Structure formats: structure tokens, C-alpha cells
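First listed ligand is number 1; within each ligand, the first listed atom is number 1. For clarity, every value in this text was computed on a predicted model and none was experimentally measured.
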Amino acid sequence: MHVSSDVHSHTKQTNGHAHERAHEERAWHAVSVDAICAELGTRREGLSSDEAAEHLARFGENKLPETKPDSILRIFLRQFESPLIYLLALAAVVIYIIEDDWIDSAIIAFVLLFNAVVGTIQAGRAQNTLLALRRFTQTNATVVRNGAESIIPDTQVVPGDIIILQEGEKVPADARVISIHNLRVDEAALTGESQPVSKHADIIEEEHLANAERKNMLFKGTHVVGGNAVAVVVGTGLDTLIGRISEEITEIDTEIPLQKNIRYLTRIIIAIVLVVATLIFLLGFFVLGHDLHAILALSVAVVVSAIPEGLPIVMTLLLATGVWRMSKQNVLVKRLQAVEALGEAKVIAVDKTGTVTKNELVVQHAYADGTLFGITGVGYDPSGTFCLAKREVDRGAHAPLMKLAQLAVYTSDAQLTEAEGDWNVSGDPTEAALLIFAKKAGYDRRALLADAPRIAEIPFDTKLKYHASLHRTKEGNELAVAGASEILLEKSTTIFEHGEIAPLTDERRAELTTMFEQLSQEGLRVIALVYKQHDGDEITPDDVRDMTVAGFVAMRDALRPEVHDAMASARMAGVRVVMITGDHQETARAIAHQAGIYQDGDRVLTGVELDAMDDDALASALEKVSVFARVTPEHKLRIVQGYRLRGEIVAMTGDGVNDALSLVAADLGVSMGKNGTEVAKEASDLVLLDDNFGSIVAAIEEGRNIYKNIKKVILYLFSTSFGEVIFIIAALMLGYPLPILAAQLIWLNLVTDGFLTVALTMEPKEKSLLREKFVRPSKFIVTGWMTQRMLLMSGTMAIATLILFGMYYDDDLTKAMTIGLTTMAAFQWFKAWNCRAEYQSAFTMGLFTNKYLFWATCLVFVLHVIAVNTPFMQAILRIEALTLGEWLLCISVATSTIVVDELRKYFHRRKDRREHAQASASA
Ligand code: ADP
Ligand code: MG
């Protein structure tokens, strides 16, 4: 049971806390370079070695929180940190003291070791997947020290260092730009946006700015794609943007439900064992007057029998086979424990774009010059025409339409290539759609950009929700912006229509809003294209105002074909699917409706509404919400936390780097194998190799199967333990000698049960797994009916064995013990077949439907024959050979468990049928 070991606990061991923080999230972008230098005790000529050494001592190494891998030894030792283990170890010690020989205690010690080795192997594997964010860094950096450039490991960079960055280099620490030449930085590692960002050296007055907008700052973990720069380091290690993110990640606690359940169960076992052992001791010593030695031996036997020694190993195997089966469903399980959480998932929160839809956008309508045009054509093929009421129109007659297409070229960075009649695009799908739209309007990008080269850009950002591009044209610089309609309308004051630029009156604004909302309601992504003349060669988000509207384009993103099936099975399984998108609420609602995610009466929650809610309000609103629209990745974390507050196990999909936090926080972080970034994959528990969220549902089915199997295994193992305990206690009450020894108990619990439970877990999946409503297992996994069954099976076993033992012990105690052990073993063989189903008769299930069980039964039978007949095993188990008659006696007595369980099943089925008949009669 210690197998679901504390994989998470060691992620919290961060170091570096001991060192001083240069600052807490300071707005360095708003401070002048000279002021920064003064504050950090440096100058533009760089630090001296002595100063650098002093800073290094003060601020620590430039490293991210080390989730330092635990050594194998530590992992191994951790396997012993379980109360059950203490108890077994204590039993071994007591046995060693009271017994003459060491065999029994040595066997227990062996079991402890064996469990620990298996546990170590598993935990070691799990750990490897947890060393996520660390791989970001680990390179060299160029710094100015003692007035000269020198190359040092990036771990040695300190606040106050002057760094020099060249194309292709990684930014070693957070730094403020001093001087710059054409610098372009890929900040995908932080923002998820693949477009490079340009930077500048000027001070930015506004203090509270999104990180993406701190254009005079460079961030650790990002890299330079072009140009070069000199900058002063302001933060290293944990004290960087990426450091703060990774710190947050390591601080979020996500314990897998079953792990908790198993821990509760362990506590219960311990409590029961201790109480029973104490009672036996008191009863035997004070009431029945046994001597101390005998009663100690008995108490220890109870402890050994009650602990299901085989459980940890079976759990490992169960999870491992689950993982293997899921990989066949295109689901890669990165953390074993995720498998368990899957079975319990109540909510799946999926990204719209790319998961529900194909993320292949095609412009279907354009609105310009007061007219809505239809656009024909298929997919990425740029041949298509513009129509009005089904008749082709003369594009040239509408100047604003041509302007719209021109802006589409300016704001698109996608690439369109043709290979043997097949058109391929690369880049952002939204921008690909813009480019193809422009092509249909007759624009050639190369020609256009030759006349009007781009001189600055604000790449698309999920927060800003637009993409701006500055071009040098013959008439001066022109700023073109494409983005979310309501946001860009807000920033516009004029509109280009009927050959002139006219003021955007409230009335006209309202008409445009109605227009794009109507298009949105059809599930189209509506992008506004706006522009203006702009003086200067730089642009910031502040420049996007007083724009002129050219019009809208409305693009369709087709649903993925598998979505309907996936939704159907999710609904059947009682799992709720909610959709998350940065798109407009109406677009989102329409698409969710088509996909079957949104039903009438559901609520669509926007990012703005979400921001206005506190956690409790959010948690109660979530009840009705099936679509989250206009949200950014940062909102996803709150959504996850909202569901967790409701106590619902939530699976969350994500692909960008800024999804990492929510992926870690979700009970189940799910990333996309094809389109996901490495960081998202690292942060997730599951990777969908085919990006198809239907695979999550398939994985849920596997997860539930594992739960079923775990219940079967627990039922089986506990009924063995129970039977042994009852047997021992009853023998004591009847005045019999101690009927079973520790070594024999371990033989039953580990060897016989071990093989049979492993085989039980290979039971084919029940077909109804998804159909029946999944009842979340109780806190202790064990349910009422399980206890009943357990008592029934263990009661039969204890009574039957006791009778046989009673017949023999007077003449020959060793023989009696051998008979007792063999009878119990035979009981286990048959019980395994009982446990295959809850209500279905074992005789109708087929002998070979689970061939593992068949062969495992044969194997443990042969093992038992060997044990009883070889001198070596006889010596270890303290048993002797049996006659054929005695063998037959033991085995035939054990068949009673089949009779009893078949009767139980029969009555249950009859009751079920009656209730069914009554229900249909009354209906
Ligand atoms: P999603 O989560 O569905 O991918 P995004 O956050 O990417 O949504 O997009 C949000 C909004 O930003 C879109 O509805 C669209 O209006 C706008 N948008 C998305 N991509 C681009 C782009 N490349 N250029 C301009 N605007 C875009
Ligand atoms: Mg997107």
C-alpha cells in the first residue's frame, strides 16, 4: 500500500529560499537603466570579479528550484515509511525474540525487502517524469566582467551583471535592455506564442503591465531569434518570471484521490489489527490464562495475517497494465497515479480550438462597404470567388473590400505553399485563413510586402486578442491590426465606407456589433481588420486607438468528426464536458451547441465575468456553465480551482506553455501530443497522442476498469486476511494451540494470493463500464456489500478449516497445520473464481475467458504440491506430506466457498429480477 508513494512530496523541496531576493516582482521596465545600475551596485561597464562573487553569495546561483532527483537509496528508504511496514517489522522482531529459530522473522524481512524493491522501481520511474521545468536552462552566457566580455555558465550570472545577447542564444536571466539592435525574441517558453517579439531599450512609464508588454525586458528561458542586445540582469534563479512560475507549480498540491483512499484504508487496517491483537492478548492472557509466550505468538500471527502482503505489488501491476492498455487508446500516461484519477473524473474541460474543432479556419464571409459577401472555395485552396446573393461580384468595385484583403496580408504571418496541386499552410491557422482570403481577393503577398515592408509588429497574444503590424508605404507608415471584433471596434473611431472615411457613429457602431454578433452566432470566428496612419517606426499596444474600420472577416473552424461520438460516450459515462476558448461567447456557444457540449439552459461564462467573481461565487456558478469564452490561459487555473472547490475531479486539456499551471493544478492535466508544446506535455499527467479528446473518454473507461479491479483485489485479499484472523481467534477460544505460523500466513497472503490476484486483474473489461453511472468509491474503497461478501467468504473458510484442524491436532500438530494450510490455500484457489463477478455465476463465465486465471490457479496448485512435498519447503513452512485422501479432503471441503457464493449470487439475481418485474409492472 505504500506503493502509491508520495511522488509529490519531494517536488516541494525547493532550495534557494535561503538566499536574498533582489526584489519581489518589481516593475523594472519603468525604471531607468542608470537607476537600476545604482540600485544593483553595478555600472554599464559591468561588475568586477569580486563584486560578482559577492553578488553570487548574496543572491545564490542562477538556477530554477531544483526538484533534485531523489537518489535510489532515498526512494528505497521511503518505501519503509508506512505504518503497515512498521507493524510487520515489529512482528518480525517479536517473532525473533519468542521463537527458537529465525525462519519466520527472516521471511517477514524478505517480504519487506521485496515490497520495497518493487516500490522503488515504480517510484523511480514516476520521478523521472516530474523533473519538468528544469530543462529550460543550462547553457553558457556572455557577461561583461572586469571590463571584458567573458563566457560563463549561466548558473553564475548574478543580478547586476551586464549581459550580451546574440542571435540564437538563450536569455540566462531576467534583464532590462540597455541597448539593442533589431532584437527579436521568441518568448514561446513563457507566453506560448510562437511569433518572435521585438524589444526596445526605452523606459516604459506604465507600471502595471502584462509581462508580454514589458518590451524593454528580457526573460530567462526565452531565446533570441534575431539581432543583438546588451542588458543588465535584474533577477536570477527563482527571482525570475519563469522561476516564479515553476515555484508556483511546485507549490500546488495535487494528491491523487486513490492515494488518499488507500491511506485511509491503511489506517483502518492498522486500527483493526491493533485492536484485535490487543483484545487477543488481554483475552488469552488474563481470561483464558495462556502463558505469555503463547499469547504473544498468537497476537503476532494476527498481525501478520491481517496485513495483505500482496497488495502493494498487485497495485503496481494493476496501474502498469492500465497504462499499457491506455497507450493502445493513444493516451500516454505520464504519472501512474493519473490512471486512478481518470476513473473518477467528473468534468473534462477541453480547449475548443484544436480539440473540439480542427483548427483549420476558412473565411466564409467578409463584411465591408456595408455589404456582406460570401466567399466560396474549399479548405486551403486559394481559388474561390466573392459572391453577393449567390452571384459573383466584381471585387474591384468595392474599395473597402480590397482594403480588408490588404490588411489581411499585413497581419498574417502564415505560409502558403503548393505541392502538386495540394495546398499547405504553416503558421497560425487564423492567419492562414486571412492569407488565403487575401489571395482569393487577388493579392500576392510578396508583391504587396515589397511595396510596404513591415517595420514593427505586436504579435498575437491571448490577452490582447489582436495582432498588429506596422508597414512603410509610399503614403507614410500604416498600422494594420487584426483581432477580436468587439475589442477592435472599441478602439476605432472611423470607418472606411462608400469611398470615404466617415466617423463611426454610435448608430453605425451598434449596427456593426449586431452584424458580427449574428455571424458569431453561426459559430464563426469574426476578426475585425482596422488600420490608421502612424508616425514613428515603433508600435506599442497604446498605439492601437483611433483606428479606422475596414470590415470583418468571418471564418469557420469545422468540428472534429470524432467529437459527436466522444460526447455521446462522455454523457453515457456521466462525465460532463465543458469547453474553454478565447473566442467570442456567441461563437463559442454556437460551436459548443453543434458539438453537443452546450444545451439550452446552460451558461456561457466570459473571462470578464469570471474576473468579477470570487471563488465561492465561481464554484456555485460552475454548476450551470458549459462554455467559457474570451478567457486566457490564466483563467484556466481559476476554473480548475473552482471545480476542485466543488469537490469534482477535473481533467483539463492544454497545449500552450501558459497552460502549464492549470495542467499541474488539475487533477488530470491532459496535453496534446501533436500540437502541444513541450512544456505543456511536461506539466501534464496524460498526453493525447492523437489530440482527440475522445481518447480521454476511452481512458476513463480504462480508469474505471482499474477501479473495479482494485475492488476485486481488495475484496479477495481482505477475505483471506479476515478468514485467517477469524480462524486464529476461534482456535484460541476453543482452546486449540496456535493453528498457523507466520511463515504459513505469508505463504498464503503473498504467494498463493499474489499470483491469483495478478491474474484477477487481467479479467477482461466489463462491457457496461461506461454505461453504468460510476459511483465514486467511498473514502475507504471498501463498500458495504464488499464487507458482506468478505465476511461470507472468510467465515466459510474459517469454519471449515477449523473443523479439519480440530480433527487432527490432538494426534499430530504438524499434520493438522499442513491440513489447515492446504485447506485455506484451496479456498483461495476457488475464491479467486468467485471474485470474478459480483452477481454472475462463476459457471457461466467460461473457463478460458481469463486464461491468466486458469494458468495462475494451476501454478499455485503445483507450487502448493511442491511446498507440501519437498523437504526444503517443509522445513520453512513447518509442514509435512499429506496422503492423497487428505489432499482430497482439503480440496473438497474448500469447494464449500463456491457453493456459498453461488447461492448468494443466485438470490441476488432473483431479487434483481423481481424488482425489475415489479418496476415494469408498476410502469
Ligand atoms: P482559442 O482559445 O479558441 O484558440 P485564442 O485565444 O487563440 O482562442 O483567440 C482569441 C481571439 O483572438 C479570437 O477569437 C480572435 O478574435 C482573435 N485571434 C486569434 N488568433 C488571432 C490571430 N492570429 N490574429 C488576430 N486575431 C486573432
Ligand atoms: Mg488560438
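If you number the atoms of ligand 1 from 1 as listed, the ones under 4.0 Å from a heavy atom of A482 come out as 25 (C), 26 (N). Remark: ligand 1 atoms within the under-4.0 Å shell around heavy atoms of E431 are 22 (C), 23 (N), 24 (N). Residue H467 approaches ligand 1 through these ligand atoms, each under 4.0 Å from one of its heavy atoms: 24 (N), 25 (C). Which parts of ligand 1 touch A484 is read off a 4.0 Å heavy-atom cut-off, strictly below it: atoms 16 (O). The ligand atoms of ligand 1 that sit less than 4.0 angstrom from a heavy atom of D428 are 23 (N).
Residue contacts with ligand 1: D583 is placed with a nitrogen or oxygen under 3.5 Å of a nitrogen or oxygen of the ligand (distance criterion only). The shortest N or O to N or O distance between G582 and ligand 1 is below 3.5 Å. Considering backbone and side-chain atoms alike, R525 places an N or O below 3.5 Å from some N or O of ligand 1.
Both the backbone and the side chain of T581 come within contact range of ligand 1, each with a heavy atom under 4.0 Å. With a 4.0 Å cut-off on non-hydrogen atoms, I527 touches ligand 1 through its side chain and not its backbone.
Annotation: the span from I348 atom CD1 to L668 atom CG amounts to 9.0 Å, rounded to 0.5 Å.
Heavy-atom minimum distance, G654 versus D351: CA-OD2, 3.5 Å.
For D535, the CG atom is loosely surrounded, since the number of other residues' heavy atoms within 6.0 Å does not exceed 12. Residue H200 qualifies as enclosed at atom NE2: its count of foreign heavy atoms under 6.0 Å is above 12. No more than 12 heavy-atom neighbours from other residues, nucleotides or ligands sit within 6.0 angstrom of CD on E507.
When the options A433, A468, G483 are ranked by their closest heavy atom to atom 26 (N) of ligand 1, first place goes to G483. Counting heavy atoms only, T353 comes closest to atom 3 (O) of ligand 1 of the residues L361, T353, T430.
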Going through the distances and angles, do T357 and R560 end up as a side-chain hydrogen bond (donor to acceptor under 3.5 Å, both in side chains)? CA-CA 5 Å; T357 64; R560 293 178 64 124; over 6 Å; no
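The aromatic ring centroids of F552 and H365 lie 6.0 Å or more from each other.
The pair D583-K352 meets the salt-bridge criterion, since a charged nitrogen lies less than 4.0 angstrom from a carboxylate oxygen.
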